[in-house]
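Everything quoted here is computed from the prediction, not taken from an experiment.
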Amino acid sequence: MNKKDQTAIRALAQEGKQISKIMEQDFPEFEYWEIYEAVHDGGGKSALGVKRTIANRLTTLSETRKKGERTEIIEEVEELVWHLYDSLKVSQKKLEAIRKALNK
């Protein structure tokens with residue numbers, strides 16, 4: 001997989017597209033795990049993956065009694081929520097640019 005493909009895959013994941021959909025619709029020549037690695041090796045996270053991580057961490061938080069562990073989980077969840085927020089803002093700007101280009 002070349003860098004151009006990796007960049008495109010990461011962008012799709014950051015926009016919230018599921019890895020399985022990226023594979024089926026955009027990059028059928030790659031295996032699921034190749035796409036997964038492209039997303040996660042670049043530090044990218046899919047919106048669905050972040051959502052699942054948050055849900056799992058909240059479940060763990062409700063079961064954890066140690067204050068230090070609870071603090072770590074809270075900080076991790078906060079970071080993931082900010083990641084989703086920042087990704088949304090980027091996606092909104094891209095969408096706005098696309099709408100302007102279409103209306104010309």
Atom pair [atom1] ([X]) and [atom2] ([Y]), whose distance is rounded to the nearest 0.5 Å:
X	Y	atom1	atom2	answer
Asp5	Ile35	CG	CD1	9.5 Å
Tyr36	Met23	OH	CE	15.0 Å
Lys93	Leu95	NZ	CG	13.5 Å
Gln25	Leu12	CD	CG	9.5 Å

Could you tell me which non-hydrogen atom of [X] sits nearest to which non-hydrogen atom of [Y], and how far apart they are?
X	Y	answer
Leu61	Arg70	O-NH1, 2.8 Å
Met1	Glu34	CE-O, 3.7 Å
Ser20	Tyr32	N-CE1, 3.9 Å
Val77	Arg57	CG2-CB, 3.7 Å
Ile22	Ala13	CD1-N, 3.8 Å
Arg10	Ala38	NE-O, 2.9 Å

Could you check whether any side-chain heavy atom of [X] comes within less than 4.5 Å of a side-chain heavy atom of [Y], counting everything from C-beta outward?
X	Y	answer
Ile74	Glu78	no
Lys94	Glu15	yes
Leu80	Lys51	no
His83	Glu79	no
Ile19	Ile9	no

Lys/Arg-Asp/Glu bridge criterion (N-O < 4.0 Å) met for Asp26, Lys17: yes
Side chain Asn103, main chain Arg99, donor-acceptor under 3.5 Å: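 Looks like yes, one N/O pair under 3.5 Å.
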Criterion side-chain contact (heavy atoms from CB on, under 4.5 Å) on Ile73 and Leu58, from CA distance to verdict: CA-CA 8 Å; Ile73 292 170; Leu58 290 174; 6.0 Å; no
Val81-Leu88 co-clustered via ILVMFWY side chain contacts under 4.5 Å: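 In one cluster with Val81: Leu88, no.
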Verify same cluster id: Trp33, Phe30 (apolar side-chain graph, 4.5 Å):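 Linked within one cluster.
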Atom CD of Glu31: over 12 foreign heavy atoms under 6.0 Å: no
